[in-house]
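Below: the structure, in structure tokens.
Residue indices begin at 1 and follow the sequence shown. In this text, all values refer to a predicted model and were calculated from it rather than measured experimentally.
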Amino acid sequence: MDKVSLRNVWKIYPGAKTTAPAVRDFNLDIGDGEFMVFVGASGCGKTTTLRMIAGLESISRGEILIDGKVVNNLSPRQRNIAMVFQNYALYPNLSLFENMAFGLRLRKMEKYKINELVNQKAKKLEIDHLLDRLPKDVSGGQRQRVALGRAIVRDPSVFLMDEPLSNLDAKMRVQMRSEIIRLHQELGTTTVYVTHDQTEAMTMGDRIVVMNGGIMQQVGTPEEIYNEPANRYVAGFIGTPPMNFIPGRLEKTDTGYAFSNKMFYLDVPREHITPDLERYEGHDLVGGIRPEYMSVLPVTDAPKPRNYFVGTLELSELVGADRFLHLRYDTADTLVPPVIVRGSVRDRYPAGTRLWITADMSMFLFFDNNTAMRIK
């Protein structure tokens, strides 16, 4: 049985300046023990959806089920969930021990049991030596561990986490990411995690929900989201740098099909020609390819490479072992966006260098010019 189910869930705020729903017709089943991540830009509806699961926001339409039971009219306390907030939400005048024990005391749990549980979970989180301190006397990462500890001592059915790492510095975020994954593997508790950080989503989630404008764009494993995006929004949102989008037209050739425009003529591998794609023969499309599936070569008098076009280097960014090359097509059309190629540290070219840009056409995707949906 699924642990959490959302069925045709809507959220419409009365009197809002815009008539668009904050969440529109949201349907999702989250399995027992699954780590589900909601990701999207600010205002996409991910936190609103999480708060509806928690009971902190009312539902305008639809049903939410936890353990097979409709919880629309149940209070947050009655839903047996635990929430970890972005700002930790610790009581500043209580010790770390008392912060972790607070919910257990409300349940009238026996004192010896509270001591046992708090100390046990604090040791697991490596904060057992800090329990007598106040929140102001420990670091942000330690405060976040306390917030996690307060959640796990209650042994809830579901953990809900609302951007819990956004207040931490980059190094601490990486450390806490690993900590949360380890805890989930040990506890096996169903977790719904909200973030705007695609790296968190891709590294932590069993499955990911990508949201935009209150609408679920796609749900799938990290691999599915990255390699088989449902539409241009998902393809452009997931990935650093994002996918390159290239305008062109699908043309029939003597040997198969090609994707072309005034700047290039790219052969489409025969095995990638599907009945759906064939219907676009002679039509304008948008091609998509990720930076790691492109490479560059200096323009020389040597034989031209296959599946290439020419660009001029505008900017080179050294990022660790990679170098991101920003290239502008050789075209007078200033509306055509540049492409980004993920090269190596050895790709040292000065700005203004003209380069052949080659593409691995086996990794090329096609999107409908009007609907922005991927053509499968």
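Classification of the Tyr233-Phe237 ring pair by plane angle, with boundaries at 30° and 60°, yields parallel. A perpendicular orientation is assigned to the rings of Phe245 and Phe367, their planes being inclined by more than 60° (bins at 30° and 60°). Under the 30°/60° scheme for interplanar angles, the aromatic rings of Phe35 and His184 are found to stand perpendicular.
Contact check for Arg182 versus Lys124: side-chain heavy atoms found under the 4.5 Å cut-off. Counting only heavy atoms from C-beta outward, the side chains of Thr358 and Val296 never approach each other to under 4.5 Å. Taking the side chain as every heavy atom from C-beta outward, Leu277 and His272 never approach each other to under 4.5 Å. At a threshold of 4.5 Å between non-hydrogen side-chain atoms, the residues Lys376 and Thr274 do not count as touching. Looking only at side-chain heavy atoms (C-beta outward), Trp10 and Phe26 stay at 4.5 Å or farther from each other.
Ring-centre distance between Tyr193 and Phe159: not below the 6.0 Å cut-off. Aromatic ring centres of Phe364 and Phe366 lie closer together than 6.0 Å. A ring-centre distance under 6.0 Å is not found for Phe264 and Tyr308.
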Audit row: Glu57, Thr48, side chain to side chain donor-acceptor pair (under 3.5 Å) steps and yes/no: CA-CA 7 Å; Glu57 289 278 1; Thr48 300; 5.5 Å; no

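A salt bridge between Glu179 and Arg145 is present, with a side-chain N of the basic residue lying under 4.0 Å from a carboxylate O of the acidic one. Using a cutoff of 4.0 Å between basic side-chain nitrogens and carboxylate oxygens, Glu200 and Arg177 are not scored as salt-bridged. A salt bridge links Arg342 with Glu292: the closest approach of a Lys/Arg side-chain nitrogen to an acidic carboxylate oxygen falls below 4.0 angstrom. A salt bridge does not link Lys113 with Glu110: none of the charged nitrogens is closer than 4.0 Å to a carboxylate oxygen.
Note: Gln218 CD to Ile208 CD1 = 9.5 Å, rounded to the nearest 0.5 Å. Once rounded to the nearest 0.5 Å, the distance linking CG of Asn212 with CG of Asn231 reads 8.5 Å.
Between the side chain of Asn119 and the main chain of Asn115, a donor-acceptor pair closer than 3.5 Å is present. Remark: the backbone N or O of Leu94 is paired with a side-chain donor or acceptor of Asn99 at under 3.5 angstrom. Side chain of Gln198 to main chain of Gly239: a donor-acceptor pair is present (N/O by atom type, distance under 3.5 Å, no hydrogens or angles).
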